[in-house]
Amino acid sequence: MASKPANGSHCYRYCSPEPTAGNIRRKLHVHCKHRRRGMFYLIFPGIFHRRYLFLLTVLYIVGLILCTGPLLTILNPPPPLPPGSLYRSHELFSKLWPEIQADNASAIELDNLWRYKRKGKEQKPCSNATARLQPVSSELQRYLIVDANGGLNQQRASICNAVAVAGLLNATLVIPRFDQHSIWKDPRQVLVYYIISINFEFADIYDEDHFISTLKGYVTVVRDLPKDLTDSYDFNISDIPNFRVYAWASARFYLDEVYPVLQENRVIRISPFANRLATSIPPHIQYLRCLANYKALRFSSTIMNLAKVIVSRMISKSLEAGGKYVAVHIRFEEDMVAFSCCEYDGGEAEKSEMDEIREKGWGKKFSRKNRVFEPEVNRVNGRCPMTPLEVGMMLRGMGFSNDTPIYLASGKIYNAERNLEPLRKMFPLLQTKESLLTADELDEFQGFSSRLAASDYMVCLSSEVFVTTHGGNFPNFLMGHRRFLYNGHAKTIIPDKTKLVVILQNTSISWDSFKDHMELMLAESDRKSIMVPRVKKSTRKGSIYLNPLPECRCLWESRNSSTTPDLYS
């Protein structure tokens with residue numbers, strides 16, 4: 001019979017009539033074993049129960065993982081972000097603003113800003129290139145119909161290419177139609193189109209009569225197909241079979257593939273037509289493209305009259321600068337910021353807002369599994385739209401004083417009140433369409449993005465300095481047009497954004513050092529404004545829309561080369 005010990009020990013004392021040495025050793029062993037186990041129970045209760053072994057193993061593995069991750073990061077850290085990958089311009093501006101504000105001495109006079117002059121080279125005579133094409137007789141006429149798609153200047157390229165193709169195929173061009181499902185999505189224009197069901201979009205943007213008369217003797221242009229052809233297609237142009245042409249098609253493709261179909265059917269329709277003709281084509285056909293872009297395409301009287309009003313009011317506010325002003329094209333609309341996938345100083349709220357805009361505008365395109373967001377890489381590569389703050393800092397650094405008249409050409413700026421404030425602080429004479437026009441003057445243009453863009457185009461074309469900040473068709477066409485007007489000089493500031501982002505991220509840079517960098521950038525931009533790239537093959541850089549010389553030289557020589565060309569004649 002066993003009895004509990006009086007001292008409360010967990011060891012039981014067993015009664016034995018004759019205790020032996022073996023029994024004593026076994027009792028001592030059990031006693032010590034229980035004493036050791038009791039100590040561990042007190043420190044780690046329940047640790048020896050089997051049901052906890054699995055949990056202990058899992059916790060041990062998790063602990064190893066949690067400890068190994070930071071350890072590997074310490075031992076093998078990720079490579080540092082390259083200079084210029086982060087947006088720190090707002091921090092740099094806050095630091096330098098007192099010095100910017102105090103530095104009002106202008107280092108630039110708009111009259112003598114441009115130092116470089118283009119050196120002309122001896123060229124071959126132009127007689128062969130300008131030889132007129134004789135339109136075919138009416139009984140042999142074949143008709144070309146195109147749908148110009150895209151934004152304002154992409155549509156402009158389509159029209160010029162259509163003129164060239166019509167000349168190449170010896171066809172009559174029907175006034176080009178505008179694709180109503182373009183990126184501009186002008187709601188009022190689309191509404192009128194579907195209600196009235198007539199083709200008047202071309203005349204809504206361009207002077208139709210001037211277009212037809214300027215091309216007369218080169219390419220015949222008509223407003224409508226003859227009745228016998230419209231009858232055969234139930235008066236619906238969309239019923240005409242569409243000929244699919246690949247992008248940047250050569251002149252040989254049109255002659256070999258398109259011309260036989262045109263000969264057989266008398267009419268051919270190509271839709272869409274943007275970028276459907278190579279940049280390199282025979283000189284006499286290239287001349288037609290030059291003629292269309294720089295002479296035949298003139299904006300409608302409604303647009304030209306509005307542009308005249310804006311320019312005259314801009315000049316009146318620039319009298320202290322001799323009536324000259326700087327035009328800045330900023331691409332910082334919310335859809336542009338969202339599409340670029342770049343990050344600025346808006347934090348998580350900005351990211352969330354941009355995600356919503358991307359989903360609303362482009363559906364699931366930006367949420368696909370293989371989509372990679374690399375805002376740092378985009379910024380280093382110069383693909384991020386410049387903020388108004390960055391544009392202002394760049395111009396002030398280049399030497400433009402705070403009394404420089406500036407016209408801002410843009411759509412609706414993202415978070416405009418906040419983002420435009422620094423630019424207005426640096427340039428108080430900043431003007432926009434909204435500040436120069438009355439509400440009544442602007443009303444008939446509201447909802448027509450192409451009309452507003454066209455008026456901006458003319459105001460920028462009339463400026464002494466044009467500043468482009470993000471590339472695209474609008475600035476490329478403007479630079480080419482300005483080269484055509486100003487003896488081969490684009491008079492354009494083209495920032496080197498890959499260098500600029502590195503400078504703007506350096507929050508320890510001094511104002512004097514910043515100015516030195518910007519003055520060098522201005523000089524380089526001036527030099528590039530007169531450069532004509534050496535193009536060995538058909539590329540967009542060799543386009544006559546960006547670089548009209550030397551391919552449009554014959555047309556350029558034929559125009560009145562006055563120092564102040566009349567842009568509205």
Side-chain angles (χ1 to χ4, degrees), residues 117-133 153-168 173 206-207 210-211 213-219 221 248 250-251 275-299 457-458 460-461 466 473-492 528-567 569:
K117 304 295 180 184
R118 185 173 179 272
K119 296 179 180 179
K121 295 182 179 180
E122 187 175 347
Q123 302 283 346
K124 295 178 180 179
C126 289
S127 55
N128 292 334
T130 56
R132 294 192 168 203
L133 304 174
N153 290 287
Q154 192 173 5
Q155 289 174 346
R156 188 184 186 105
S158 297
I159 297 166
C160 297
N161 290 342
V163 171
V165 170
L168 180 67
L173 177 65
Y206 296 104
D207 186 331
H210 178 78
F211 182 74
S213 62
T214 302
L215 294 174
K216 187 176 181 180
Y218 297 93
V219 172
V221 183
W248 311 106
S250 65
N275 304 327
R276 290 302 186 270
L277 180 62
T279 58
S280 179
I281 53 179
H284 67 289
I285 302 300
Q286 189 74 291
Y287 178 82
L288 294 178
R289 189 147 57 178
C290 296
L291 181 66
N293 189 51
Y294 295 112
K295 193 171 180 181
L297 279 177
R298 184 171 68 187
F299 291 123
Y457 185 99
M458 292 306 300
C460 292
L461 194 62
F466 173 60
N473 287 322
F474 185 95
N476 285 345
F477 270 75
L478 262 170
M479 284 189 281
H481 207 150
R482 290 167 69 85
R483 283 188 172 106
F484 186 81
L485 292 174
Y486 300 118
N487 196 29
H489 198 301
K491 295 188 175 184
T492 301
K528 287 182 177 179
S529 284
I530 63 170
M531 290 176 61
V532 177
R534 296 179 180 178
V535 180
K536 296 182 180 180
K537 60 181 180 179
S538 178
T539 65
R540 284 183 242 186
K541 289 185 178 180
S543 164
I544 62 103
Y545 310 121
L546 177 59
N547 294 290
L549 302 177
E551 291 187 284
C552 297
R553 182 180 63 87
C554 298
L555 178 65
W556 175 76
E557 288 181 353
S558 67
R559 60 180 291 277
N560 181 17
S561 56
S562 61
T563 54
T564 54
D566 185 0
L567 307 180
S569 61

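Ring orientation note: the planes of F466 and F474 are tilted relative to one another, at an angle of 30° to 60°. Taking the six-membered ring where the residue is Trp, F299 and Y457 present perpendicular rings, their angle passing 60° and hence far from 30°.
Note that OG of S250 and CD1 of I281 are 11.0 Å apart. Values are rounded to the nearest 0.5 Å. In this structure, N153 CG and N476 CG are separated by 9.0 Å, a value rounded to the nearest 0.5 Å. Here the OG-CG distance, from S158 to L277, works out to 10.5 Å after rounding to the nearest 0.5 Å. Considering CZ of F484 and CD1 of I544, their distance stands at 9.5 Å, rounded to 0.5 Å. Distance check: I530 CD1 to K491 NZ gives 13.0 Å after rounding to the nearest 0.5 Å. Expressed to the nearest 0.5 Å, how far CD of E551 lies from OG of S543 amounts to 9.0 Å.
For D207, the side chain to side chain donor-acceptor pair (under 3.5 Å) partners are R298, not counting sequence neighbours. Residues satisfying the side chain to side chain contact (heavy atoms under 4.5 Å, CB included) criterion with A157, sequence neighbours excluded, are F477, Y545. Residues satisfying the ring pair (Phe, Tyr, Trp, His ring centres under 6.0 Å) criterion with F211, sequence neighbours excluded, are F202. Qualifying side chain to side chain donor-acceptor pair (under 3.5 Å) partners for N293, counting only residues two or more places apart in sequence or in other chains: R156. Scanning for side chain to side chain donor-acceptor pair (under 3.5 Å) contacts around R276 gives an empty result, with sequence neighbours left out. Partners of A490 according to the side chain to side chain contact (heavy atoms under 4.5 Å, CB included) rule, which considers only residues two or more places apart in sequence or in another chain, are M479, R483, T492, S529.
No option in V165, L555, N161 other than N161 meets the side chain to side chain contact (heavy atoms under 4.5 Å, CB included) test with R289.
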- Taking it one step at a time, do W556 and Y294 satisfy side chain to side chain contact (heavy atoms under 4.5 Å, CB included)? CA-CA 9 Å; W556 175 76; Y294 295 112; over 6 Å; no
- Going through the checks in order, is the disulfide (SG to SG under 2.5 Å) test met by C290 and C554? CA-CA 9 Å; C290 296; C554 298; over 6 Å; no
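Closest approach of L461 to R482, counting heavy atoms only: O-NH1, 3.5 Å. Nearest heavy atom pair, residue A166 against residue L173, reads CB-CB, 4.1 Å. Annotation for C160 and L297: closest pair SG-CD1, 3.8 Å, computed over non-hydrogen atoms. Scanning all heavy atoms of the two residues, the minimum distance from G167 to I285 falls at C-CD1, 3.9 Å.
Q286 contributes no side-chain N or O that, together with a main-chain N or O of A164, makes up a donor-acceptor pair within less than 3.5 Å. The backbone N or O of K295 sits less than 3.5 Å from a side-chain atom of H210, completing a donor-acceptor pair.
Counting heavy atoms from C-beta on, the side chains of V163 and L215 come closer than 4.5 Å. Looking only at side-chain heavy atoms (C-beta outward), Q154 and N275 come within less than 4.5 Å of each other.
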